[in-house]
Amino acid sequence: MTATVITDPEVDKSTGRGASRGTGGARRRLPRIPDRIRQGGLPYLLLLPAVLLELLIHIIPMVIGIVMSFRQLTQFFINNWGAAPWSGLDNYKIAVDIDAPIGEALLHSFFVTCVFTFFSVGLAWLLGTAAAILLQESFRGRGVLRTIFLVPYALPVYAAVITWAFMFQRDNGMINHVLHDQLGITDEPSFWLIGDNSLYTLIIVSVWKGWPFAFLMLMAGLQNIPRELYEAASIDGAGIWQQIRRITLPSLRPVNQVLVLVLFLWTFNDFNTPFVLFGKSAPENADLISIHIYQSSFVTWNFGTGSAMSVLLLLFLLIVTAVYLFFTSRGRKGADV
């Protein structure tokens, strides 16, 4: 007796060919290996270069830095890092000992960074919000103003900060030329890159460099607010400030939650701005923690203590981010309820 073969009318979607089965049981033809790669493995294959770069640029250096923080790695072990003696938590104890000079200097740098971040993020957000609201309405020249406002964000950081450093020069800078020579506001040319004014200079440059990003994010968020809400509020007699308070700011809350966090992380970790403005040795009033860690590592050649400071900074930022996301997510859920 011969077996009867029944052709399956269904078509195998992976191969585009018909699949056959016999009376002894149903069998589907397995897709070929290239088809499997194309269907399941191709997305991961495309992500592989990005994953490798992330490992090489961020993950592996971070792990090496954590390992270095547990060793007495000084200039005597530069040629052979593995020979540096294991110190355990001694580097962390030195960094957090506020009664010792190193810990006291780190604490001072931390407070300076907190003040710098507070004013930089606050002013950048305020300017970005005001500019986004003002340019929301259509008028002649709006496109030109939007382009001009985004110029600081588009310029390379080093070129922009070097320009500001020339402008803040005491003898031949444009700032003193305008304030002292032309307007007569100051009695004598001021020192902007050293002394008490160094923190003001750092905040000004940071705000100028960062507020266009806030403007861009908030301007994109304003596009999602229906114009009918403003029209209805205007009919009900609400003024411009009431519309901003009752409609604009609540509607921008999801954008602001992300924007403030990103600006905080960027500003607190900012290294390029103070390094280009002041060089390797920042003034005491502008001694940001990023520059302080750089000095502790590459100026004093104490890489173990500098790595411990970097790990402490990483832990602080992770804790602040987790707490911020926790409270903002709770507030969002409460608003939705």
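What you are looking at is a predicted structure, and each value in this text was computed from that prediction instead of being measured.
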Discussion item. Checking V115 against F111 for the side chain to side chain contact (heavy atoms under 4.5 Å, CB included) test, could you report, in this order, the C-alpha distance in whole Å, the side-chain angles of both residues, the deciding distance, and whether it holds?
Written reply: CA-CA 6 Å; V115 174; F111 282 125; 5.6 Å; no
Fill in: Intermediate values then yes/no, ring-ring contact (aromatic ring centres under 6.0 Å, His included), W211 and Y153
CA-CA 8 Å; W211 81 267; Y153 182 68; over 10 Å; no
Fill in: Full working for side chain to side chain donor-acceptor pair (under 3.5 Å) between N302 and T305
CA-CA 6 Å; N302 195 339; T305 305; 3.2 Å; yes
Worksheet item: Does the side chain to side chain contact (heavy atoms under 4.5 Å, CB included) test come out yes or no for N197 and F168, once each step is laid out?
Response: CA-CA 10 Å; N197 294 329; F168 279 112; over 6 Å; no
Worksheet item: Which is it for S206 and F119 under the side chain to side chain contact (heavy atoms under 4.5 Å, CB included) test, yes or no, and what are the steps along the way?
Response: CA-CA 10 Å; S206 177; F119 284 102; over 6 Å; no
Item to complete: Mind running side chain to side chain contact (heavy atoms under 4.5 Å, CB included) on W208 and L127 for me, showing each step along the way?
Response: CA-CA 10 Å; W208 180 87; L127 290 176; over 6 Å; no
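Of all non-hydrogen atoms in L222 and I133, the two that sit nearest each other are CD1-N, 3.9 Å. Residues P212 and P152 share a closest heavy-atom pair of CG-CB, 3.7 Å. Residues S251 and I247 come closest through the heavy atom pair OG-O, 2.7 Å. Across every non-hydrogen atom of Q243 and A233, the tightest pair is CG-CB, 4.1 Å. Nearest heavy atom pair, residue W125 against residue N256, reads NE1-OD1, 2.7 Å. Residues T186 and S190 approach most closely at CG2-OG, 4.1 Å, considering heavy atoms.
Between L317 and the choices V320, L314, L313, the side chain to side chain contact (heavy atoms under 4.5 Å, CB included) rule is met once, by L313.
More than 12 non-hydrogen atoms from other residues, nucleotides or ligands lie less than 6.0 angstrom from CZ of R142. Enclosure of atom OH in Y324 by more than 12 non-hydrogen atoms of other residues, nucleotides or ligands within 6.0 angstrom is indicated. For F271, the CZ atom counts as densely surrounded, since its 6.0 Å shell holds more than 12 non-hydrogen atoms of other residues, nucleotides or ligands. Shown here is Q136, whose CD atom has more than 12 heavy atoms of other residues, nucleotides or ligands within 6.0 Å. For I98, the CD1 atom sits in a loose shell: 12 or fewer heavy atoms of surrounding residues, nucleotides or ligands are nearer than 6.0 Å. Heavy-atom contacts from other residues, nucleotides or ligands closer than 6.0 Å to CG of D196 number 12 or fewer. Surrounding CH2 of W86 are more than 12 heavy atoms belonging to other residues, nucleotides or ligands, all under 6.0 Å away. Within 6.0 Å of atom OH in Y200, 12 or fewer heavy atoms from other residues, nucleotides or ligands are found, so the atom counts as exposed in its surroundings.
L48 has its side chain within reach of L52: a pair of non-hydrogen atoms, C-beta onward, lies under 4.5 Å apart. Between L193 and Q169, the closest side-chain pair of non-hydrogen atoms falls below 4.5 Å. Looking at I291 and F278, their side chains never come closer than 4.5 Å, going by heavy atoms from C-beta outward. With contacts defined as side-chain heavy-atom distances shorter than 4.5 Å, the pair V157/K209 qualifies. With contacts defined as side-chain heavy-atom distances shorter than 4.5 Å, the pair T300/Q295 does not qualify. Counting only heavy atoms from C-beta outward, the side chains of L312 and Y92 approach each other to under 4.5 Å. Taking 4.5 Å as the limit, some side-chain heavy atom of F215 sits within range of a side-chain heavy atom of R146. Side-chain contact between H108 and H292 is absent, with no heavy atoms from C-beta onward closer than 4.5 Å.
One distance of note links OG of S281 with CD1 of I194; it measures 11.5 Å at 0.5 Å rounding. Note: E54 CD to L47 CG = 12.0 Å, rounded to the nearest 0.5 Å. Rounding to the nearest 0.5 Å gives a distance of 6.5 Å between OG1 of T321 and CZ of F264. Remark: R140 CZ to L145 CG distance equals 13.5 Å, nearest 0.5 Å. The distance from the OG1 atom of T328 to the CG atom of L261 is 8.0 Å, given to the nearest 0.5 Å. Distance check, rounded to the nearest 0.5 Å: OG1 of T201 to CD1 of I175 gives 8.5 Å.
For the residue pair D270 and T273, a side-chain donor N or O sits within less than 3.5 Å of a side-chain acceptor on the partner. Between the side chains of H177 and Q182, a donor-acceptor pair is found at a separation under 3.5 Å.
Checked against the 6.0 Å centroid threshold, F303 and F77 do not count as a close aromatic pair.
Between the side chain of N285 and the backbone N or O of L199 there is no donor-acceptor pair closer than 3.5 Å. Listed for the S329 side chain is a donor-acceptor partner under 3.5 Å among the backbone atoms of F326. Side-chain N or O atoms of S198 include one that pairs as donor or acceptor with a backbone N or O of G195 at under 3.5 Å. Judged purely by atom type and a 3.5 angstrom limit, D287 has no side-chain atom pairing as donor or acceptor with the backbone of V112. Formation of a donor-acceptor pair under 3.5 Å by the Q223 side chain with backbone atoms of A220 is not found in this model. Checked by atom type and distance alone, the side chain of S69 never pairs as donor or acceptor with a backbone atom of S307 at under 3.5 Å. In terms of modelled atom types and a separation under 3.5 Å, the side chain of S109 and the main chain of A105 share no donor-acceptor contact.
In this pair, F213 and W266 present their aromatic rings tilted. The plane angle is within the 30 to 60° band. Using the six-membered ring where Trp is involved, F110 and F316 have ring planes that are perpendicular, over 60° apart on the 30 and 60° scheme.
With sequence neighbours left out, the side chain to side chain donor-acceptor pair (under 3.5 Å) criterion links W192 to N176.
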